[in-house]
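Some notes on the structure that comes next.
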Amino acid sequence: GNIHKINSVWQTEFPGREQITFPANSQRRRYWLDFIDWHYWSMTDFTDKVLTIIRQFFPETETQILLGGGSENLYFGQDNTALPEIASRHKTVIHSTHAGGLEMLFMSKRISTACRFYIVPYLSEPPGTLTPEQERWRIFHDASLGATTVFDYLDNLIANVEVISQYQQYLRAENPVVEVALFFPTANHRLHPNQPQQPLPNQLVEFGNDFRDLIDWDLLDEQLIQAGALKSYRVLILVEGQIIEQTTLRKLKDWVNNG
């Protein structure tokens, strides 16, 4: 685009497009967010291209996109909403490694909400060894998240055979009915680059863990809201974050005005 328009939006003074550099910090918000968005897009676009090639030669073979990491760390470039959308276009399974105890609830909700919106199979896997209590939580989460496939390790199966035998009947791969969503303002999170110290929105995570004792909830980020996911919910709760993209705010306004 025109360098003068770019400088105006970014609050920069680049003499030409060839001189554009990476932002050193997030003080100039749009400048920072555009590069972060590009980072996420590049990883997602690469996945899209790889799956396009795979489908040319293996049109019916089951494929999976593995989503791990256990956080919203910017460095990973793992877009937990855009990748399920890519998976839906390529008939691909989303494989999440966040099955386990309550500490995994945020990431499980983050990924499974997008999977249900884009109608993508959700496969769950624990990050490692689970205690009986964690296995119990894992089965409860998988059942309430609508997991279509449940993977576990042999050690867990042996150690927790009683728990699994008692609760396996609830793993029916049925989508839950959820009318309440928590709002994850991704722009606000990405403007705080101290990710190694704060890879998750801590207030939102803590609220969600406590709130789950009262009611089931989904997790909507700005991309899901912009894609129209709000129409499935009656209540949206904002726990933390003061910066939201204008396109998201317009969707929120429309949703409120429509009752």
Side-chain angles (χ1 to χ4, degrees), residues 6 9-12 14 20-51 64-87 94-98 100 103-115 117-118 120 125 127 181-209 218-227 229 238-249 251-252:
I6 292 175
V9 172
W10 285 355
Q11 299 178 324
T12 52
F14 294 116
I20 292 176
T21 58
F22 291 94
N25 54 56
S26 60
Q27 292 180 357
R28 287 171 287 190
R29 295 174 180 173
R30 188 74 271 157
Y31 179 28
W32 174 267
L33 285 173
D34 282 351
F35 269 86
I36 295 300
D37 288 345
W38 168 80
H39 172 51
Y40 276 86
W41 172 85
S42 65
M43 299 293 286
T44 304
D45 184 61
F46 172 77
T47 305
D48 187 18
K49 287 182 169 60
V50 169
L51 285 170
Q64 298 179 4
I65 298 176
L66 178 64
L67 299 184
S71 77
E72 288 289 328
N73 196 317
L74 267 63
Y75 303 148
F76 296 161
Q78 177 177 297
D79 194 323
N80 291 309
T81 296
L83 288 169
E85 193 274 331
I86 293 294
I94 288 295
H95 182 152
S96 169
T97 61
H98 304 96
E103 68 276 6
M104 294 290 176
L105 180 60
F106 177 88
M107 290 303 299
S108 296
K109 288 286 190 180
R110 174 87 164 100
I111 297 169
S112 64
T113 300
C115 286
F117 178 73
Y118 290 114
V120 174
E125 173 191 344
L182 305 187
F183 179 27
F184 176 33
T186 35
N188 186 87
H189 181 75
R190 293 173 181 178
L191 281 168
H192 296 81
N194 57 330
Q195 297 298 316
Q197 291 75 38
Q198 191 178 4
L200 289 171
N202 291 331
Q203 293 180 46
L204 179 56
V205 171
E206 292 174 6
F207 177 88
N209 289 349
D218 282 343
L219 188 65
L220 298 184
D221 70 351
E222 297 199 47
Q223 288 185 68
L224 283 174
I225 289 176
Q226 292 172 22
L238 173 63
V239 178
E240 67 172 288
Q242 299 178 332
I243 302 169
I244 302 170
E245 294 280 8
Q246 289 185 0
T247 49
T248 307
L249 289 173
K251 287 288 187 178
L252 290 169

Checklist entry - Taking all atoms of both residues into account, what is the closest heavy-atom pair of P185 and G241, and its distance? => result CG-CA, 4.1 Å
Checklist outcome for this item: Of N80, L219, T97, the one forming a side-chain contact (heavy atoms from CB on, under 4.5 Å) with I111 is N80
Checklist entry - I65 and A87: which non-hydrogen atoms are nearest, and at how many Å? => result CD1-CB, 4.0 Å
Next on the checklist: Looking at F14, I'd like to know if its CZ atom is crowded, meaning that more than 12 non-hydrogen atoms belonging to other residues, nucleotides or ligands lie closer than 6.0 Å.
Outcome noted: yes
Next on the checklist: Pair L224, Y118 - check side chain to side chain contact (heavy atoms under 4.5 Å, CB included), show working.
Outcome noted: CA-CA 10 Å; L224 283 174; Y118 290 114; 3.9 Å; yes
Checklist entry - For the atom pair OG (S96) and NZ (K109), what is the distance rounded to the nearest 0.5 Å? => result 12.5 Å
Checklist entry - Would F106 and N209 count as a side chain to side chain contact (heavy atoms under 4.5 Å, CB included) if you check the C-alpha gap in whole Å, the side-chain angles of each, and the deciding distance to 0.1 Å? => result CA-CA 8 Å; F106 177 88; N209 289 349; 5.5 Å; no
Item to check | Contacts of type side-chain contact (heavy atoms from CB on, under 4.5 Å), residue F35, not counting sequence neighbours | outcome: W10, I20, F22, P23, Y31
Next on the checklist: Assess the residue pair L249 and L252 against the criterion (side chain to side chain contact (heavy atoms under 4.5 Å, CB included)); give the C-alpha distance rounded to whole Å, side-chain angles, the decisive distance to 0.1 Å, and a yes or no.
Outcome noted: CA-CA 5 Å; L249 289 173; L252 290 169; 4.2 Å; yes
Checklist entry - Out of curiosity, L204 CG to L238 CG, how far, rounded to the nearest 0.5 Å? => result 9.0 Å
Checklist entry - About how many Å separate NE2 of H189 and CD1 of I243, when rounded to the nearest 0.5 Å? => result 13.0 Å
Next on the checklist: I want to check something: taking the side chain as every heavy atom from C-beta on, are D37 and R190 in contact at a cut-off of under 4.5 Å?
Outcome noted: yes
Checklist entry - Between Q226 (side chain) and K251 (backbone), is there a donor-acceptor pair under 3.5 Å? => result no
Checklist entry - Taking all atoms of both residues into account, what is the closest heavy-atom pair of G208 and L105, and its distance? => result O-CD2, 4.0 Å
Next on the checklist: What I'd like to find out is whether the side chain of H39 reaches to under 4.5 Å of the side chain of L74, using heavy atoms alone.
Outcome noted: no
Checklist entry - What distance separates Q203 CD from E240 CD, expressed to the nearest 0.5 Å? => result 4.5 Å
Next on the checklist: Is there a side chain to side chain contact (heavy atoms under 4.5 Å, CB included) between M107 and L200? Walk through the geometry before answering.
Outcome noted: CA-CA 9 Å; M107 290 303 299; L200 289 171; 3.9 Å; yes
Next on the checklist: Ignoring hydrogens, what is the shortest heavy-atom contact between Y40 and N73? Give both atom names and the distance.
Outcome noted: OH-O, 3.9 Å
Next on the checklist: If you define the side chain from C-beta out and look only at heavy atoms, does anything of L83 sit under 4.5 Å from T44?
Outcome noted: yes
Item to check | Partner residues of D79 under the salt bridge (Lys or Arg N to Asp or Glu O under 4.0 Å) criterion, sequence neighbours left out | outcome: none
Item to check | Over all atoms of both residues, closest heavy-atom pair of S26 and L191 | outcome: OG-O, 2.9 Å
Item to check | Donor on one side chain, acceptor on other, T248 and E222, under 3.5 Å | outcome: yes
Checklist outcome for this item: The reported gap from OH in Y75 to CD1 in I36 (rounded to nearest 0.5 angstrom) is 9.0 Å
Checklist entry - Is any side-chain heavy atom of F117 less than 4.5 Å from a side-chain heavy atom of D218? => result no
Checklist entry - If you look at every heavy atom in T81 and Q223, which pair is closest and at what distance? => result CG2-CB, 3.7 Å
Checklist outcome for this item: By salt bridge (Lys or Arg N to Asp or Glu O under 4.0 Å), E245 pairs with (sequence neighbours left out) R30
Checklist entry - CD of E72 to CG of D221: how many Å apart, nearest 0.5 Å? => result 8.0 Å
